[in-house]
Each structure stands twice: as structure tokens, then as C-alpha cells.
Number of protein chains: 2
Amino acid sequence: MDDRSLSERPNSTGLQEPSDLQLTDKQWNILDAALAVFTEKGFSAATTSEIARQAGVSEGTIFRHFKTKKDILLAMLVPLIRNTMGPKSVNSLTQMIVKNENLPLREVLLMIALERQDFLLENQALLRLILTEAQYHPELREAIIGEVAYKSQEQLIRLIEQRQQKGEIRQDLPAWVLVRSFFGMVVVYMLSGVMLTKREAGKDNREEILKIIDLFLNGAVAEK
Amino acid sequence: MDDRSLSERPNSTGLQEPSDLQLTDKQWNILDAALAVFTEKGFSAATTSEIARQAGVSEGTIFRHFKTKKDILLAMLVPLIRNTMGPKSVNSLTQMIVKNENLPLREVLLMIALERQDFLLENQALLRLILTEAQYHPELREAIIGEVAYKSQEQLIRLIEQRQQKGEIRQDLPAWVLVRSFFGMVVVYMLSGVMLTKREAGKDNREEILKIIDLFLNGAVAEK
DNA sequence: TCACAATGTAAGTAATCACTCACTTTTTAG
DNA sequence: CTAAAAAGTGAGTGATTACTTACATTGTGA
């Protein structure tokens, strides 16, 4: 089985919400298949019969466990965001920030950017599905913003304020401006890399990311 | 009429406004209605019967002019990108760049950012539709990248290289790194403004954009 | 005026959809 | 071991889908 993100069994991820307590193997098969079909076709174009086929169960079985097609989507994505993407995303940020308080900011930002890049490449299809369907399902929008975007931003703000207090970073700009700007530089760089060019996964672009960090730290104007 | 889609009409090769294309009023009604329905529900969830209802024509009329539902989408979006969004986007950039060669870069960047913001807010729903459906329709992806993204980037690169030659901007970074970084800072700032907060359209955020430009130009490190 | 093509339409059509139901098999509790 | 409960099944179901067709209306050129 392609071990991407759903294949963690419930007892390996700890306590969960009541709605996703104790899922049987068959239920996980269904959600795994749903992830594959939804990411390939999108929610509306995906059919429950194809999910059943890929899960190796009958269509009736699906509706024994999930009331509606939309329920399948949410039962899969909301716990995935809340219990896997969210914590993974936030914890790795927190760790990098507290463990490297004395490292030059440049080094910390590089670690963060590279880690975000891995995360993005590994979860490309899943993230695309979430962002697409977030337009039509407010529950998803709230989950991804609250559990990933907002909490990640909070951690980065902590990092920036920490460095502002050290006098390392200018204090005349609010931390959130610095955070969102840095995030924007890095993410748009990575997305345009994926969209405009054929980048092989894991291509070494350390040097280019360092240039962006240099730009973020020192600015675009020429030295006087 | 056997034409598969408007973009293939032999006399539409030159640059033309969408109103110049040989479309009857009824065809425009259909495309107008299609735009409304597609942006609200997405391509897959939209139905031809609702498009017909909103256009005030029978369903048969739709299929007299467009062979398939997908043809409606492409006949509407591809010319819109090629003849309206693309030129509008690129020309305003070009004008701002050549007309203000002697203005401080800071001022030019502010103009560009504000203009991009207007464009984004005005075309929010349309852009969301295009980006969503670009996942499933390569023709759309190619159109939006080739006609808008790539050409806009080219103009901004001209601006940056112009300033690099003047010695105003550091020359140790490739222009495209500067361009994409600036674009990323601004766009992510605007998107997070739309997503995370309730911003009224046209809210005055000139000061905040100026802070981002300041950051882009002077960097995040504290003065020595 | 008339012939004829282009345009418009309502009533289809076959396919497919999400979902149900009557029934069988498997799991669980005492 | 047994009986009830839970899980699984595949053949339905009515609704809805994109698209067609047979026919009516309109526009046009001579």
C-alpha cells in the first residue's frame, strides 16, 4: 500500500476526536481510496462507485460507514489536518526555533525553508485537494487556516520577535509583516518552480533559497 | 456552426477585444451565465440546465453553439485570458515601468502593488475559477501561465534590470529572484488579508504595502 | 414572395449519480 | 455455543446528468 499520509493506523497517532475514534482496517481502506480518487478528480467529479472499487469493497459498505459523499471527504481530511498535518507542521517549526536560539537567523531560516519545501513536495496532491475544496466546504477552510496556517504563523512570529528583542532584526516593522513577507517569498519561489519548470523532486536548490534569505535579510538596494 | 470553440476561429488570430470576436448577443448571454454558474459551483458541479436558465435560453440552444460543457468553459475562459486579462495585466505594467523610469523605485513598486491589488480584488472569483480548473484542463493552465504569469514576470524583470544597471539595485542576485520574491511578498500579504481577516474592498492599506516595499528594499536586519 | 439555411426549442434519451434495502456473513457477548 | 448485533453485499431506486432530435421560428437573398 502506498504509504503516504493516511496509512497511519489510529493507535499510532494517539487520542483523536470522537468522530474518528477506532477506525477499522476496512474504514481506512475506504478513506485511502477516497484520498486517491478525490485528489485525482476533485470532489465533484469523483464517484462513490470508483472509491468502492479502489477500496475493494461494495458501494453499500461505504454508506454503512459514511452517511454521504461529503462525509467521506470530511471524515478523511479534517482528522488528517487536525491530527497529522497540523501537529507535524507546527511541531517541527517549534523545535527548530527553540533548539537553535543561538544560531544565526540566516541558518534557522534556511532550515525552516528547506523543511517547508519537503512538506510541500511530499503533500502536493493533498494540499491541492484541500485548498480547492476549501472554497466549497467551510469546515475545511476553518480547519486548514486554524490548525496549520494560523499556528505556523504564530511560531514564526515568536522567532522574529525573539530576534527583534536581541536587536538582530529591525523593530520598526511589526513581526507579522516580516513573517508573511518571508513566507510569501519562499512559497512563491517554490510554487513557480513547480509550475513553470520541471523540477525533479529533491533537486538541490539550497543555493537559491540562500539567495532569497539573503534578500530578505539585507534588502534589494545596492551597498552604499 | 461547426466551430468547436471561439479560440479556433480563423479570423481571431490578431489581438482583439472579446467584443470583436464574432459572437451573437445570445452567445454572450450564454457565456455570461456560464461564468456566473461556474464561478459559484465550480465546473463539475455546475449544470448545463442552470446555465440555460440563467441565460434565458433553452438547453438545446446551448448545445447548438457549444459542443460540450467543457467547450463552454474553454470558449469563455481562454479568450478572456488571452484578450482581456493578459493584455490588461501586461500593458499596465509596461506603461508604469516606461513612464516612470526616473521615479524612485519605491514609488514605482507602490504603484505596481496597488494596481495588482485592484486587479486581484476585481477579478477574485474569476481568478479562483481559473486556478481551480487549471488543475484539470491543461489548455487553461497554459493560457494563464503563458499569457499572464510569464509576460508579467518579463515586464518586472525589465524593471529590475533597468534599476540594476543604474546601480540602484544590487547586482549579485539574478533579477528573477528579486521579481518572484517581491511578487510573493505582496501577493501573500494580500491573500492572507482576504482569507484571515474581513477586509472591506478598497480598504486603505497603502501604509502597510509601503512597509513591505521598505522591507524588500532595505532588508530585515537592524541598522548597524 | 418564396426557398432555404440558420437559429431556437421542448421533449426526449441513455447513462450515471448518490444512496437504499433486503438479505447474508462475520463478530461479539454472556 | 448461541443469539443478537454489527458489518458487508449487490441489485435496485428515483433523480439528475450531458447531450440529441424532431420540429418550429426567424432571418436572408433574389
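Atom set for the values below is all heavy atoms of this structure, side chains included, hydrogens, waters and symmetry mates excluded. Treat the numbers as computed from the prediction; the structure is a model and nothing was measured. In what follows, chains are A, B, ... by sequence order, proteins preceding strands, each numbered from 1.
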A:N29 CG to D:dA7 C1', straight-line distance once rounded to whole Å: 14 Å

With sequence neighbours excluded, residues passing side chain to side chain contact (heavy atoms under 4.5 Å, CB included) with B:A33: B:I51, B:Q54, B:A55

Atom-to-atom span, CZ of B:R53 to P of C:dT9 - whole angstrom: 15 Å

Value in whole Å for how far the C1' atom of C:dC17 lies from CD1 of A:I62: 13 Å

Side chain to side chain contact (heavy atoms under 4.5 Å, CB included) involving A:E147 - partner list, sequence neighbours excluded: A:I81, A:R82, A:K151

side-chain N/O B:H65 vs C:dA6 OP1/OP2, d < 4.0 Å: no

Footprint string (nucleotides 13-23 of chain D, 5' to 3'): B base within contact, S backbone only, - free, heavy atoms under 4.0 Å: ----SBBB-B-

Sequence-distant partners of A:N100, side chain to side chain contact (heavy atoms under 4.5 Å, CB included), two or more places apart: A:M96, A:L103, A:V108, A:M111

side-chain hydrogen bond (donor to acceptor under 3.5 Å, both in side chains) partners of residues 42-51 of chain B, not counting sequence neighbours, each pair once: B:T47-B:S49, B:T48-B:E59

C:dG8 phosphate, OP1 or OP2, under 4.0 Å from B:S58 side-chain N/O: no

ring-ring contact (aromatic ring centres under 6.0 Å, His included) contacts in which one or both residues fall within residues 67-98 of chain A, not counting sequence neighbours: none

Aromatic A:F183 / basic A:R180 pairing, under 6.0 angstrom, 45° off normal: no

